[in-house]
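Input: a single structure, listed below in structure tokens.
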Amino acid sequence: MKNIALDGPAGAGKSTLAKNLAKALGYQYVDTGAIYRTIAYHYQMCGIGPRDKDNIHKFLGDANIEVKYEAGVQHMILNGTDVTDALRTPELSSFASTVSANPEVRKYLLQMQRQIAKHNDCVMDGRDIGTVVLPRADLKIYVTASAEVRAQRRLLELEAKGEKTSFAKVLADINARDEADMNRTVAPLKQAADAILLDTTQMDADEVLKAALALVRERGL
Ligand code: DC
């Protein structure tokens, strides 16, 4: 199977690129952030805080998570219920970041991600795909952009969904999340030694896709 790993901080344009690239190549798009968000949602529903190690351990086995695809769109199923639409709130972004630092949680979700990649040509986006989940990926791209541009993009996304927030709040959230994701002990966000850096600060989605497709062609994928 062919696997492309996309990593980078929040709002860098990873998921837009991953979706566009997967569509152009006929691969499956795998959003691993949604998997971490689903586990965070599980704990939120159980009334467990993201730092409550004992209960995180105790309730981990109660989360039966399935990843399903309908017409190429990823759906997250938690204990039989489709929770996809509940996952993209700022609260869950922060909860998912904190709970994802727990080594047991990461271990629990690692095999799931590897199994998907083993059975599908895929573009997988996340934080540790090139470094930990798929160290032998055919192509690794580390997507980044300035914090201000990333915050602006995230603000537009949130506003489009009707959420009331401000640039300053979104920028502060993004900086706090990157700080946590880059400095956790297990599988922190970092560029893999063999990943190609793609800085999207000055690029629109089409330009980013073009740049990635050039890399894909170079690798003969
Ligand atoms: O990509 P996202 O914003 O949906 O991810 C939410 C959080 O999940 C992110 O802040 C850190 C965590 N995450 C992770 O630790 N490893 C991944 N491969 C993907 C996401």
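Ligands are counted one by one from 1 in listed order, and the atoms in each one are counted from 1 as well. Sequence positions, counted from 1, serve as the residue numbers for this chain.
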> Are Arg37 and Thr84 close enough that a side-chain donor and a side-chain acceptor fall under 3.5 Å?
Replying inline: no
Throw together a table of side-chain donor-acceptor distances under 3.5 angstrom for residues 95-104, partners on residues two or more places apart or in other chains.
residue: Ser97; atom: OG; partner: Asp181; partner atom: OD1; Å: 2.7
residue: Thr98; atom: OG1; partner: Ser94; partner atom: O; Å: 3.1
residue: Ser100; atom: OG; partner: Ala96; partner atom: O; Å: 3.2
residue: Ser100; atom: OG; partner: Ser97; partner atom: O; Å: 2.8
residue: Ser100; atom: OG; partner: Arg184; partner atom: NH1; Å: 3.1
residue: Asn102; atom: OD1; partner: Glu104; partner atom: N; Å: 2.8
residue: Asn102; atom: OD1; partner: Val105; partner atom: N; Å: 3.3
residue: Glu104; atom: OE1; partner: His57; partner atom: ND1; Å: 2.6
residue: Glu104; atom: OE2; partner: His57; partner atom: ND1; Å: 3.2

>> I'd like to know if Lys210 and Glu207 make a salt bridge, using a cut-off of under 4.0 Å between side-chain N and carboxylate O.
In response: no
> With hydrogens left out, which residues have an atom under 4.0 Å from ligand 1, given that only heavy atoms count?
Replying inline: Thr32, Gly33, Tyr36, Arg37, Arg88, Ala96, Ser97, Ser100, Arg106, Gly126, Arg127, Asp128, Ile129, Arg177, Asp181, Arg184
> With clusters built from Ile, Leu, Val, Met, Phe, Trp and Tyr whose side-chain heavy atoms come within less than 4.5 Å, directly or transitively, what are the remaining members of the cluster of Ile196, listed by chain and number?
Replying inline: Ile4, Leu6, Leu17, Leu21, Leu25, Tyr27, Val123, Leu139, Ile141, Val143, Leu198, Met203, Val208, Leu209, Leu213, Leu215, Val216, Leu221
> Looking at residues at least two apart in the chain, or sitting in another chain, which of them share a side chain to side chain contact (heavy atoms under 4.5 Å, CB included) with Lys190?
Replying inline: Thr131
>> Closer than 4.0 angstrom, basic N to acidic O: yes or no for Lys14 and Asp7?
In response: no
